[in-house]
Amino acid sequence: MTQELTTTTADPGRTPARDGGTGWWRDAVIYQVYVRSFADGDGDGIGDLPGIRARLPHLAELGADAVWLTPFYSSPQADGGYDVADYRAVDPLFGDLQDADDLVREAHRLGLRVIVDIVPNHTSDQHAWFRSALAGGPERDRYHFHPGRRGPVPEQGGATPPNDWESVFGGPAWTRTEDGDWYLHLFAPEQPDLNWEHPEVRAEFESVLRFWLDLGVDGFRVDVAHGMVKAAGLPDIGAREQAKLIGAQELPFFDQDGVHEIHRSWRRLLDSYEGERVAVAEAWAPSPERLALYVRPDELHQAFNFQFLNCPWDAAGMRAVVDASLAATRSVGAPTTWVLSNHDVVRHPTRYGGGERGLRRARAAALLMLALPGSAYLYQGEELGLPEVTDLPDEVRQDPSFFRAEGQDGFRDGCRVPIPWTEEGPSYGFGDGGSWLPQPASWRGLSVEAQTGDPRSTLELYRAALALRRELPGLGAGDAVEWLAAPEDVLAFARPGFVCTVNTGAGEARLPVPGRPLLASSALEFTGGNVTIPAESAVWWAI
């Protein structure tokens, strides 16, 4: 008997949000909105805060607990808003401060919490501090300005950068100013790094955090949380292609022990507010044990689990990452986070092979992720099964690393293409004025409108999975799984009242029926007391 099991008896619509309680974030499903690409409210082709506000019901119906917004602050947009000129102002491209306030209030009305990005490692080169620093003002000490090294002849004093550090976006991490000094920028030259040894830097960011907390946001995603402190003396690394070492090796500009004192001070500030305000670290660390330091009881609440995101489609590798991740966070009493895609990486259906195979794997990976203990982060459009757009013309690309050499791959625009809402319209419902990056024609059939009500669609799979996460007490919070015996290439684990089975292999897997089927990413076949799970598919079971 073949059974299409892509829906569930649980209501896939919105269920009441979890009450406050202790540690709402420990099992939350948080939906990332890339502001430029979610919804356009004013028809200029670029997403904005009013557009997001109008589309919040989609997130409520999906079953998300919170929304995380990428930067919408005043910015020259040299790096998609991660170059902030004014941390207390909304860029006119995205609306104004009233729009931000309205969005937070509407989200709360719908039972959604709001997390906003904070960018503390660097400012824009148009920030008032840096402009004064270039003019020789006292703000110079709030950045990393240093004389260069001497050249091969005395007349070339200071002609080379102070050390061999490279920008994550490629090229030297230093730019020389008109007065001969050099300033540090671990990313684009338009993003000068702040000197977190300076007390005025620390005081300013505490004030910025209070500004947004007072407006009502529920927390912060801390950009480059591992990069705010640099090793004393700024020592050379002695290696090229340093961007490839991030997250794999110790580097003098990332994951220095001094960042933890900063995060402790921020935790004290967050704890002083009512309503369980939280912070999640974007932190690249060379091991799960180092990453766990960011989420000790007196530091940040969560840290992104990039080891899981980077894990290839392989049963043994996935199991090893799950075990290592749970063990590391369990050692400090923190929840583990799980994420498959974000605005900086190739979308996982494409990473998993693309086409029908990539989508099959992505659907199965979603059920795996949502069954694991801890908190899950969804990137906008993954609930639609959107693939990476790999054929964008060079002339439309805006990723700053695309125009530089030897840094990141420069193709982050492919995961930032505006998402489709409807089957028709100039931008499939994104907005009335087209979209800032071109959308593939095939996305018409992947739109929210096209998938709603189709029990075999990826959107309805996500809605059903999130409804079950809320309904079943054995899902969500926790710190361990019980691995079960299973055929090669099959992951099987139990949680209270629940079993998840994932067939990562290229062929069918046959095993005894472990319980009552709840949800599957592909159609199942039952024979007697056995079930045949198709290749690259996952199933949830009640026991």
Side-chain angles (χ1 to χ4, degrees), residues 32-37 46-49 68-97 100 116-135 139-140 142-145 165-177 182-196 198 201 204-205 208-209 211-212 220-228 230 243 246 253-254 282 284 342-344 397-404 407-408 410-413 415-416 436-437:
Q32 180 191 354
V33 163
Y34 188 71
V35 173
R36 295 174 66 92
S37 301
I46 297 173
D48 50 39
L49 299 184
W68 151 35
L69 305 174
T70 57
F72 49 81
Y73 313 114
S74 176
S75 167
Q77 303 294 319
D79 182 25
Y82 284 93
D83 50 316
V84 181
D86 186 343
Y87 290 86
R88 297 177 182 84
V90 173
D91 195 286
L93 193 65
F94 305 127
D96 56 29
L97 199 57
V116 298
D117 248 302
I118 192 73
V119 187
N121 180 71
H122 47 262
T123 70
S124 165
D125 63 350
Q126 298 304 305
H127 192 284
W129 281 8
F130 192 73
R131 295 171 70 177
S132 179
L134 287 180
E139 293 84 356
R140 200 177 186 91
R142 301 174 189 174
Y143 295 89
H144 291 276
F145 280 86
W165 295 1
E166 295 172 356
S167 163
V168 173
F169 289 165
W174 297 90
T175 290
R176 199 174 193 185
T177 61
W182 299 74
Y183 71 87
L184 176 67
H185 52 86
L186 292 178
F187 295 90
E190 296 88 353
Q191 296 168 290
D193 278 47
L194 287 161
N195 174 18
W196 273 85
H198 199 294
V201 172
E204 168 66 3
F205 273 87
V208 169
L209 295 180
F211 178 87
W212 291 104
F220 302 94
R221 177 262 193 185
V222 184
D223 185 62
V224 196
H226 55 297
M228 297 140 75
K230 280 66 175 175
I246 296 170
F253 51 70
F254 281 162
E282 184 219 18
W284 290 88
N342 63 36
H343 65 292
D344 285 331
R397 292 189 177 276
Q398 299 188 31
D399 183 352
S401 60
F402 178 77
F403 304 98
R404 297 167 66 86
Q408 292 181 334
F411 292 95
R412 295 180 298 169
D413 293 315
C415 65
R416 300 176 178 184
W436 67 282
L437 287 172

Colleague: Determine the minimum heavy-atom distance between P192 and S124, stating which atoms define it.
Modeller: CD-C, 3.8 Å
Colleague: Any donor-acceptor pair under 3.5 Å linking the side chain of Y34 with the backbone of C415?
Modeller: no
Colleague: Does a salt bridge link R36 with D91, judged by any charged N lying under 4.0 Å from a carboxylate O?
Modeller: no
Colleague: How long is the span from the NE2 atom in H122 to the CZ atom in F130, to the nearest 0.5 Å?
Modeller: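 If we round to the nearest 0.5 Å, H122:NE2 and F130:CZ are 12.5 Å apart.
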Colleague: Could you check whether any side-chain heavy atom of F169 comes within less than 4.5 Å of a side-chain heavy atom of H185, counting everything from C-beta outward?
Modeller: no
Colleague: Rounded to the nearest 0.5 Å, how far apart are CG of L186 and CG of N121?
Modeller: 6.0 Å
Colleague: Determine the minimum heavy-atom distance between D48 and L93, stating which atoms define it.
Modeller: CB-O, 4.0 Å
Colleague: Nearest 0.5 Å please: distance from the OH atom of Y73 over to the CG atom of L97.
Modeller: 11.0 Å
Colleague: Can you name the one residue among W165, F145, F253 that meets side-chain contact (heavy atoms from CB on, under 4.5 Å) with L184?
Modeller: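 Only one option passes, and that is W165.
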Colleague: Which atoms form the tightest heavy-atom contact between R221 and W68, and what is the distance?
Modeller: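 R221 and W68 have their closest heavy atoms at NE-CZ2, 3.2 Å.
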Colleague: Between F211 and Y87, is the ring centre distance below 6.0 Å?
Modeller: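 Ring-ring flag for F211/Y87: false, centres at least 6.0 Å apart.
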Colleague: So, E282 side chain and V224 main chain: donor-acceptor pair closer than 3.5 Å or not?
Modeller: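 Confirmed, E282 side chain pairs with V224 backbone.
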Colleague: Using a 4.5 Å cut-off on heavy atoms from C-beta on, say whether the side chain of S37 contacts that of L437.
Modeller: no
Colleague: What's the spacing between T123 OG1 and E204 CD if we round to 0.5 Å?
Modeller: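 That separation rounds to 10.5 Å.
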Colleague: D83 and S75: side-chain donor and acceptor closer than 3.5 Å?
Modeller: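 The criterion, which ignores hydrogens and geometry beyond distance, is satisfied for S75 and D83.
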Colleague: Donor-acceptor pair, distance only, cut-off 3.5 Å: does the side chain of D86 make one with the backbone of S74?
Modeller: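 Between the backbone of S74 and the side chain of D86 there is no qualifying donor-acceptor contact (under 3.5 Å).
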Colleague: Would you mind telling me which of V208, D223, V84 makes a side-chain contact (heavy atoms from CB on, under 4.5 Å) with I118?
Modeller: V208
Colleague: Answer yes or no: is there a side-chain heavy-atom contact under 4.5 Å between V201 and E139?
Modeller: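 When only atoms from C-beta onward are counted, E139 and V201 do not touch, as no gap falls below 4.5 Å.
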Colleague: Assess the residue pair W196 and F205 against the criterion (ring pair (Phe, Tyr, Trp, His ring centres under 6.0 Å)); give the C-alpha distance rounded to whole Å, side-chain angles, the decisive distance to 0.1 Å, and a yes or no.
Modeller: CA-CA 10 Å; W196 273 85; F205 273 87; 5.3 Å; yes
Colleague: Given Y82 and H343, is the ring pair (Phe, Tyr, Trp, His ring centres under 6.0 Å) satisfied, shown in steps?
Modeller: CA-CA 12 Å; Y82 284 93; H343 65 292; 5.5 Å; yes
Colleague: Of the non-hydrogen atoms in Y183 and P189, which two are nearest, and what is the gap between them?
Modeller: OH-O, 2.7 Å
Colleague: Quick check: closest heavy atoms across G81 and P71, and the distance to 0.1 Å?
Modeller: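 Taking every non-hydrogen atom into account, O-CB, 3.3 Å.
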Colleague: What distance do T70 atom OG1 and N342 atom CG have between them, rounded to the nearest 0.5 Å?
Modeller: 11.0 Å
Colleague: Could you work out, with side chain to side chain donor-acceptor pair (under 3.5 Å) as the rule, every residue matching W182, not counting sequence neighbours?
Modeller: none
Colleague: Where do D193 and K230 land on the side chain to side chain contact (heavy atoms under 4.5 Å, CB included) test, with the steps shown first?
Modeller: CA-CA 10 Å; D193 278 47; K230 280 66 175 175; 2.8 Å; yes
Colleague: Other residues, nucleotides and ligands only: do more than 12 of their heavy atoms fall within 6.0 Å of CZ on R88?
Modeller: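 For R88, atom CZ is crowded (more than 12 foreign heavy atoms under 6.0 Å).
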Colleague: Give the C-alpha distance, both sets of side-chain angles, the deciding distance and a yes or no for side chain to side chain contact (heavy atoms under 4.5 Å, CB included) between E190 and D79.
Modeller: CA-CA 8 Å; E190 296 88 353; D79 182 25; over 6 Å; no
Colleague: Quick one: do V168 and F254 satisfy side chain to side chain contact (heavy atoms under 4.5 Å, CB included)? Show the steps, please.
Modeller: CA-CA 11 Å; V168 173; F254 281 162; 4.2 Å; yes
Colleague: After noting the C-alpha distance and the side-chain angles of H127 and L194, does the key distance pass the side chain to side chain contact (heavy atoms under 4.5 Å, CB included) rule?
Modeller: CA-CA 11 Å; H127 192 284; L194 287 161; over 6 Å; no
Colleague: If I take atom CH2 from residue W284 and atom CD1 from residue I246, how far apart are they, to the nearest 0.5 angstrom?
Modeller: 8.0 Å
Colleague: Can you name the nearest heavy-atom pair linking R140 to A133, along with the distance?
Modeller: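 Closest heavy-atom pair between R140 and A133: NH1-O, 2.8 Å.
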